[in-house]
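Here's the structure we're looking at; comments come further down.
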Amino acid sequence: RRGEKLMSWDVAAFEKRLFGGGFAAETLAIELVHAQPGNCRIRLPFKTSFSRGDGLIHGGVIGSLIDNVGAAAVWTYNDIDWSNARGVSIGFTVNFLQAAVSCDLIAESRVVRRGRSVSVIDVEVSNPVAELVATGTVTYRLSQRVSETNAS
């Protein structure tokens, strides 16, 4: 979007860190569309393997998309020490609003509450004609690793 402030860190490194390996990259093949502090938008290109066999995208795929874009929004802040932080989703909900049929999906997330270690993120998933397919809420824990010298 025009006029949106870009992050002060390397967007390519951000995308590689969050989506560059494992399930999100290899199975889902999600792509970063936009990110700024507290917000993230990703695209899920349709694959026939996402279908239940009838063209409808399986709810588990949409749930994974929600989990990934929710977590990504938390990592968009400039004050996170990437070398020392770990994160994990500690809960999420999904509300399916209509079927997604053989199409790419766009997921957009927004941090609504950022605490010291726990954040809450709202997510919307839309089809290519901007119809809402699903919504969700992700609760994510981001913590600093404790070094062995400080752990005594």
Side-chain angles (χ1 to χ4, degrees), residues 1-47 50 57-98 100 103-151:
R1 292 181 186 172
R2 291 184 183 195
E4 290 182 340
K5 181 182 173 195
L6 293 178
M7 296 168 291
S8 65
W9 34 262
D10 185 345
V11 175
F14 171 77
E15 185 173 22
K16 184 176 181 182
R17 167 81 186 250
L18 292 174
F19 313 128
F23 182 75
E26 295 172 20
T27 303
L28 295 179
I30 58 179
E31 302 168 354
L32 179 66
V33 174
H34 176 79
Q36 68 180 39
N39 296 86
C40 191
R41 185 179 319 117
I42 61 176
R43 184 174 81 85
L44 176 73
F46 177 73
K47 295 181 184 181
F50 295 162
I57 298 174
H58 190 281
V61 173
I62 295 171
S64 293
L65 177 63
I66 287 171
D67 184 35
N68 276 277
V69 74
V74 175
W75 286 90
T76 58
Y77 292 98
N78 294 323
D79 61 353
I80 295 172
D81 177 0
W82 283 50
S83 67
N84 195 34
R86 294 239 189 242
V88 64
S89 295
I90 56 177
F92 71 93
T93 61
V94 179
N95 298 298
F96 299 103
L97 306 175
Q98 69 172 308
C103 63
D104 293 356
L105 295 174
I106 297 291
E108 188 151 2
S109 57
R110 179 179 61 88
V111 175
V112 294
R113 169 82 166 89
R114 184 180 186 218
R116 228 171 65 184
S117 62
V118 176
S119 295
V120 176
I121 307 97
D122 280 344
V123 178
E124 292 186 343
V125 179
S126 301
N127 63 21
V129 293
E131 296 171 328
L132 209 52
V133 170
T135 62
T137 301
V138 178
T139 306
Y140 194 83
R141 179 175 167 78
L142 183 66
S143 59
Q144 300 293 316
R145 289 184 286 186
V146 178
S147 69
E148 291 181 21
T149 57
N150 294 335

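Not measured: the values here are computed from a predicted model.
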Roughly how far, to the nearest 0.5 Å, is the [atom2] atom of [Y] from the [atom1] atom of [X]?
| X | Y | atom1 | atom2 | answer |
| --- | --- | --- | --- | --- |
| Asn84 | Ser143 | CG | OG | 9.0 Å |
| Ile66 | Glu108 | CD1 | CD | 13.0 Å |
| Asn68 | Leu32 | CG | CG | 12.0 Å |
| Leu44 | Leu65 | CG | CG | 5.5 Å |
| Thr135 | Ile62 | OG1 | CD1 | 11.0 Å |

Could you pull out the closest heavy-atom pair between [X] and [Y], with the gap in Å?
| X | Y | answer |
| --- | --- | --- |
| Ala73 | Ile121 | CB-CG2, 4.1 Å |
| Ala100 | Val133 | CB-CG1, 3.8 Å |
| Pro45 | Leu28 | CD-O, 4.2 Å |
| Asn127 | Gln98 | ND2-NE2, 4.5 Å |
| Tyr140 | Trp75 | OH-NE1, 2.8 Å |
| Cys40 | Val69 | O-CG2, 3.7 Å |

Salt bridge (charged side-chain N to carboxylate O under 4.0 Å, His left out) partners of [X], counting only residues at least two apart:
| X | result |
| --- | --- |
| Arg110 | Asp122 |
| Glu31 | Arg43 |
| Arg114 | Asp79 |

>> Run the side-chain hydrogen bond (donor to acceptor under 3.5 Å, both in side chains) test against Thr139 and tell me which residues pass, sequence neighbours left out.
In response: none
> Between Ser117 and Arg141, is a side-chain hydrogen bond (donor to acceptor under 3.5 Å, both in side chains) present by the stated rule, with each step listed?
Replying inline: CA-CA 5 Å; Ser117 62; Arg141 179 175 167 78; 3.2 Å; yes
> Would you say Thr76 and Asn39 make side-chain contact, with heavy atoms under 4.5 Å?
Replying inline: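 No, their side chains stay 4.5 Å or more apart.
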> Does Phe46 reach the side chain of Cys103, with side-chain heavy atoms less than 4.5 Å apart?
Replying inline: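 No. Closest side-chain heavy atoms not under 4.5 Å.
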> Are Leu105 and Val61 close enough, and set up right, to give a side-chain contact (heavy atoms from CB on, under 4.5 Å), and what steps lead you there?
Replying inline: CA-CA 10 Å; Leu105 295 174; Val61 173; 5.9 Å; no
Under 3.5 Å, which donor-acceptor pairs link side chains of residues 89-97 to any protein atom two or more places apart or in another chain?
unit_1 : atom_1 : unit_2 : atom_2 : d
Ser89  : OG     : Asp67  : OD1    : 2.4
Thr93  : OG1    : Thr137 : N      : 3.4

